[in-house]
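Encoded as structure tokens, the structure appears first; notes follow it.
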Amino acid sequence: MTLPEDYDASVVEAKWRRRWRELGVATTDLSRHRDKMVVLVMFPYPSGDRLHIGHWYNFAPADSWARFQRMRGRNVFEPMGYDAFGLPAENYAIQHGVHPAESTRANVAYIRGQLEAIGTLYDWSRELNTSDPEYYRWTQWLFLALRRRGLAYRARAPVNWCPACGTVLANEQVEEGRCERCESEVTKKDLEQWFFRITDYAERLLAGLDTLEGRWPAKTLLAQRHWIGRSEGAEVDFQLVGRPERLSIFTTRPDTLYGVTYMVLAPEHPLVETITEPARRGEVGRYAEAARGMRDIDREALGREKTGVFTGAWALNPLNGERVPVWVADYVLAGYGTGAIMAVPGHDPRDHDFAAGHGLPVRRVIEPADGSRAPEGQAYSDPSGRMVGSGPFDGLAGDEARGRVVRELERRGVGRGRVHYRLRDWLISRQRYWGAPIPVVHCGRCGVVDVPEEGLPVLLPERVDFQAPRGERSPLITAQEWVRTACPACGGEARREVDTMDTFVDSSWYFLRYLSAGRSDLPFDREVVDRWLPVDMYIGGPEHATKHLIYARFITMVLKDLGWVGFEEPFARLFHQGLITRDGDKMSKSRGNVVSPDAFVGRYGSDVFRMYMMFMGSFADGGDWNDQGITGIDRFVARTWRLYRRALDSPASTAEGASGVVEARRALHASVQAVTRDLEGFAFNTAIARLMELVGVLGRTLDAGPVDASFLDDALDRLNRLLAPFAPHLAEELWEARGGEGLVVDAPWPDYDAELARAPEVEVAIQVTGKVRARIRVPADADEETLKEMALAHERIRELVGERPIRKLVVVPGRLVNIVV
RNA sequence: GCCGGGGUGGCGGAAUGGCAGACGCGGCGGAUUCAAAAUCCGCAGUCCGCAAGGGCGUGGGGGUUCGAGUCCCCCCCUCGGCACCA
């Protein structure tokens, strides 16, 4: 069979996508789980921006890797879906009057086409959409399951509020005091909200990270460890003077207890009102009020002078009985520990700062363990220091000192060892429309009542007023008929919860649903899930290190405890792709330098587009897009096409007169070896470089004269398979033209002969004292002795070395000889 | 401020402690062509030199080593994470 003169990507790619679809190539039989491999990418949010280059850079290389695994005999499952709930669709509705369901439907339809154009092997029979009632009924089911476990609760708390989005946000969604979505400054509000008790799982989330060591990126493990923020210390009770209450504080430095010179309550601390002396109520009240209303970004601004006021109350140090004043200051956070601290200005820089500004005394009770002197005028906070001025504890240092103090506190019943985490409970309610309704009702008589499972899904009402001013309420409040309902418990009048769930709840379990997509009796089938999961390879951006990736781990652990899954880490391996820049700049709409995938795919075809992205740089680091650069790949494809066309058009000769085959065969086997190794490690860029070299060698071999027919056939066959993960459409077309059996996507990955891959002769550098002075060609297996002799016999080397004595001679066979004089 | 990643030709980027710059873009020269496009071949870190050859070169400074882009210490720049968490 002969090939047309030129490769027409648009025709060929459409043809093979149609063929793959007709043959059901991408449909995975989940009942056959031998050698299973789930290759998952983070599903996209279907916005009006459609799939951008970042999505392509996530999906296309991931698919190439999955195709490689498939050819190596793995039973690969590549699912795809849409994280379709969320704010942008709703904001679009507010601005343009298009219902979110409508705009989402349109976006999904368009994006589906883009996804198909990539040429991925997604199993569309298991496509899912989180805004589909058949999906979100199970998100609601999950909420109820957490409720029954006591892991979902409603509480009034100071929460993050984004005024522009008109909703509360989880801690994880606030970045530098700003909303991660719209970058507005976030304020604190005291509101009653729904939380998931993720802090109950802090220790397990931390412990699980150890099992992922080496299988997840180290920086992501580190980010999660920091985010969870375990710290060991003690809770210490200070008796208030003239009052029955005790003031409990958390400290990681019980060894500094003799250095306490004052106490501080967070402005939101419940004791502030009770303990403040009447004469100071006005001042303290005003201060607490002001602090509470401050934006986080201001309150947490670094370098800001620490403010605070004295409450007039005093507390007793449980170890030395000393009276210390109790202050209120906003540098103490309400949400951490007990919301109160003991202040040790001698050994804590923050307390030192505050004490200096408010005339409070500084006392030294820790000194350097090595006998040196701590610098004056600043806090000495080295935890290895030795206790001084601390009565019976003097001389103790570090962990031992802290342990002894804690034991003494416990003995006296005024303190105990404690561990606190930086992690906060996950705030999951949102005052927005386009999300899964929280399935509870509020009944005047029964309180908060769960909607029974038979009542799921609680459907989102279609008719709501997005424009109505709503204060702190969700737009669902405007769907009055929907809000009014009967209490599932008593049958009386009740009102539906109008808040919806954070979309991160939707995405915290989607990977489970893929395995049972379409099941209406279950969220997922444990038997199937346990056979196919954990996900073998999860590929997505690093921006979810402390959001989605923590939430999904938490939910999986909860589901394990509930007996719904048999594992507790959902993602066995994780890989973060890098970022694509353009001519050195980050791509952004405001810069106007965004690469439109559709335009380039239209011009060059998706194989070329995909390969260029993979060629630009290493997958983990990303790369720099250059409009010219893609021509290199375009030429490579054209060259490859020509190679096959030439080889097929002019049948090669037999061995008689065949030339250059030895070197070509070596290149062939070396290429298979290198490409295989590179693909295993996601080194797509160097793998493609190898393919380019191989195509070059084979082309020149053809130029040189008739080539042995069986070798040529073998070379074209192996190269064809090597190309398949990178340029799947092109590879199918070549496979068909060569009369290959079935499809190349189903063909086994080629093997190689390591012996044949080795070069018979290598160039060895001869150095004189570390500088390369000559190169010699030697048999690859030349031993040390031979190399030594050849090096010393080399004319130029003899000149350079001359009469000088040789101090040392280093021989690295196959590499170099270094003569040190 | 703390923690982590990274600084390599004009550009994107390669290099288990062993010949720095694979592969590609752009550039230059040649072949082909009436000419151009396309294609193929060649040159190309930088400085000195007609050349042979040599000096200098992986952000800067020091060190370990026969040998350092790679390992160690200090510094600069840059990107990312965290940021009053007691």
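Quick caveat, the model's predicted, so the values are computed rather than measured. Per chain, numbering begins at 1; letters A, B, ... match sequence-line order. As a basis for the values below, the full set of heavy atoms in this structure was taken, side chains included, without hydrogen atoms, waters or symmetry mates.
Within the 4.0 Å cut-off from OP1 or OP2 of rC41(B), at least one side-chain nitrogen or oxygen of R700(A) is found. Taking side-chain N and O atoms only, K219(A) has no distance below 4.0 Å to OP1 or OP2 of rG6(B). In terms of phosphate contacts, R773(A) brings a side-chain nitrogen or oxygen within less than 4.0 Å of OP1 or OP2 of rG54(B). For the OP1/OP2 pair of rG26(B) and a distance below 4.0 Å, the side-chain nitrogens and oxygens of R635(A) include at least one atom meeting the criterion. One finds a side-chain N or O of S231(A) lying less than 4.0 angstrom from the OP1 or OP2 phosphate oxygen of rA86(B). Taking only side-chain nitrogens and oxygens, R677(A) never comes nearer than 4.0 Å to OP1 or OP2 of rU16(B). Contact annotation: K808(A) side-chain N/O to rC66(B) OP1/OP2 distance is under 4.0 Å. At rG26(B), one or more side-chain N or O atoms of Q628(A) fall inside 4.0 Å of OP1 or OP2 (strictly under the cut-off).
If you check every strand for non-hydrogen atoms under 4.0 Å, L222(A) touches sugar and phosphate atoms only. Using a 4.0 Å heavy-atom distance criterion, R582(A) is classed as making no nucleic acid contact. If you check every strand for non-hydrogen atoms under 4.0 Å, R807(A) touches nothing. Among the atoms of the strands shown, none is found under 4.0 Å from any heavy atom of R225(A). Across all strands shown, N818(A) has heavy atoms under 4.0 Å from base atoms, whether or not it also approaches the sugar-phosphate.
Nucleotides rC28(B) and rG6(B) have their C1' atoms positioned 33 Å apart, rounded to a whole Å. Rounded to whole Å, the separation between the C1' atoms of rA68(B) and rG61(B) comes to 15 Å. For the C1' atoms, the distance from rC75(B) to rG12(B) is 29 Å, rounded to whole Å. One C1' atom belongs to rC77(B), the other to rG30(B), and the distance between them is 43 Å to the nearest Å. One C1' atom belongs to rA14(B), the other to rC25(B), and the distance between them is 15 Å to the nearest Å. A gap of 47 Å separates the C1' atoms of rU65(B) and rA86(B), to the nearest Å. Here the separation of rC3(B) from rG9(B), taken at their P atoms, is 29 Å to the nearest Å. Taking the C1' atoms as reference points, rG69(B) lies 5 Å from rU58(B), given to the whole Å.
Nearest nucleotide to the side chain of R639(A), out of rC40(B), rC56(B), rC84(B): rC40(B). Residue N685(A) has its side chain nearest to rA14(B) when only rG80(B), rA14(B), rC25(B) are considered. Listed candidates were rA22(B), rG55(B), rC66(B). Nearest to the side chain of K771(A) is rG55(B). Nearest to the side-chain atoms of I341(A) among the listed nucleotides rG13(B), rG26(B), rA86(B) stands rA86(B). For A223(A), counting side-chain heavy atoms from C-beta on, the closest listed nucleotide (rG26(B), rG81(B), rA86(B)) is rG81(B). Distances were taken from every side-chain heavy atom of R815(A) (C-beta onward) to each of rG18(B), rG26(B), rC66(B); the shortest belongs to rG18(B). Nearest nucleotide to the side chain of V772(A), out of rA86(B), rA20(B), rU39(B): rA20(B). In the set rC25(B), rA14(B), rC82(B), the nucleotide with an atom closest to the side chain of S618(A) is rA14(B). The side chain of R642(A) has rU39(B) as its nearest neighbour among rA86(B), rU39(B), rG18(B). Minimum atom distance to the side chain of L333(A) is reached by rA86(B), of the listed rA86(B), rA15(B), rG12(B).
Relative to the ring axis of W56(A), R610(A) does not place its NZ or CZ within 45° and under 6.0 Å from the centre. Judged by the 6.0 Å and 45° rule, K306(A) forms a cation-pi pair with Y331(A).
Comparing V762(A) and D348(A) by the nucleotide of RNA chain B that holds the closest heavy atom to each, the one mapping nearer the 5' end is V762(A). Comparing T252(A) and M692(A), the nucleotide of RNA chain B nearest to each residue sits closer to the 5' end for M692(A).
Ring orientation note: the planes of W625(A) and F609(A) are tilted relative to one another, at an angle of 30° to 60°. H544(A) and H548(A) have perpendicular rings, their planes meeting at more than 60° on a 0 to 90° scale where under 30° would count as parallel. The aromatic rings of F619(A) and F575(A) lie parallel to each other, with less than 30° between the two planes, well short of the 60° mark. Note: F354(A) and H358(A) have parallel aromatic rings, judged against thresholds of 30 and 60 degrees for the angle between ring planes.
Glycosidic conformation, rG9(B): syn, with the torsion inside 90° of 0.
W641(A) places its CH2 atom 17 Å from the P atom of rU39(B), with the value rounded to the nearest Å. Atoms CH2 (W227(A)) and P (rC2(B)) sit 21 Å apart, rounded to a whole Å. Between the NZ atom of K547(A) and the P atom of rG81(B) there is a distance of 9 Å, given to the nearest Å. Spacing between atom CD of E543(A) and atom C1' of rC82(B) amounts to 17 Å, rounded to whole angstrom units. The nearest whole Å value for the distance from the OH atom in Y331(A) to the C1' atom in rA83(B) is 17 Å. Atom C1' of nucleotide rC79(B) and atom CD1 of I580(A) are separated by 16 Å, given to the nearest angstrom. With rounding to whole Å, R690(A) atom CZ is found 10 Å from rA15(B) atom C1'. Nucleotide rG12(B) holds its P atom 13 Å from the CG atom of D621(A), rounded to whole Å.
With a 3.5 Å ceiling on both atom-pair distances, the Watson-Crick or G-U wobble partner of rC2(B) is rG81(B). For rA38(B), there is no paired base (Watson-Crick or G-U wobble, both distances below 3.5 Å). Base-pair partner of rC43(B): rG27(B) (Watson-Crick or G-U wobble, both distances under 3.5 Å).
Judged by atom type and distance alone, K306(A) reaches the base of rC84(B) through a side-chain donor-acceptor pair under 3.5 Å.
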task = Evaluate the side-chain contact (heavy atoms from CB on, under 4.5 Å) criterion for residues L265(A) and W327(A): first the C-alpha distance (whole Å), next the side-chain angles of each, then the deciding distance (0.1 Å), finally the verdict.
result = CA-CA 6 Å; L265(A) 300 181; W327(A) 287 62; over 6 Å; no
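Look at R603(A) and D627(A) and you find no salt bridge, because none of the NZ, NE, NH1 or NH2 atoms lies under 4.0 Å from a carboxylate O. The pair R230(A)-E203(A) counts as a salt bridge, with a side-chain nitrogen and a carboxylate oxygen less than 4.0 angstrom apart.
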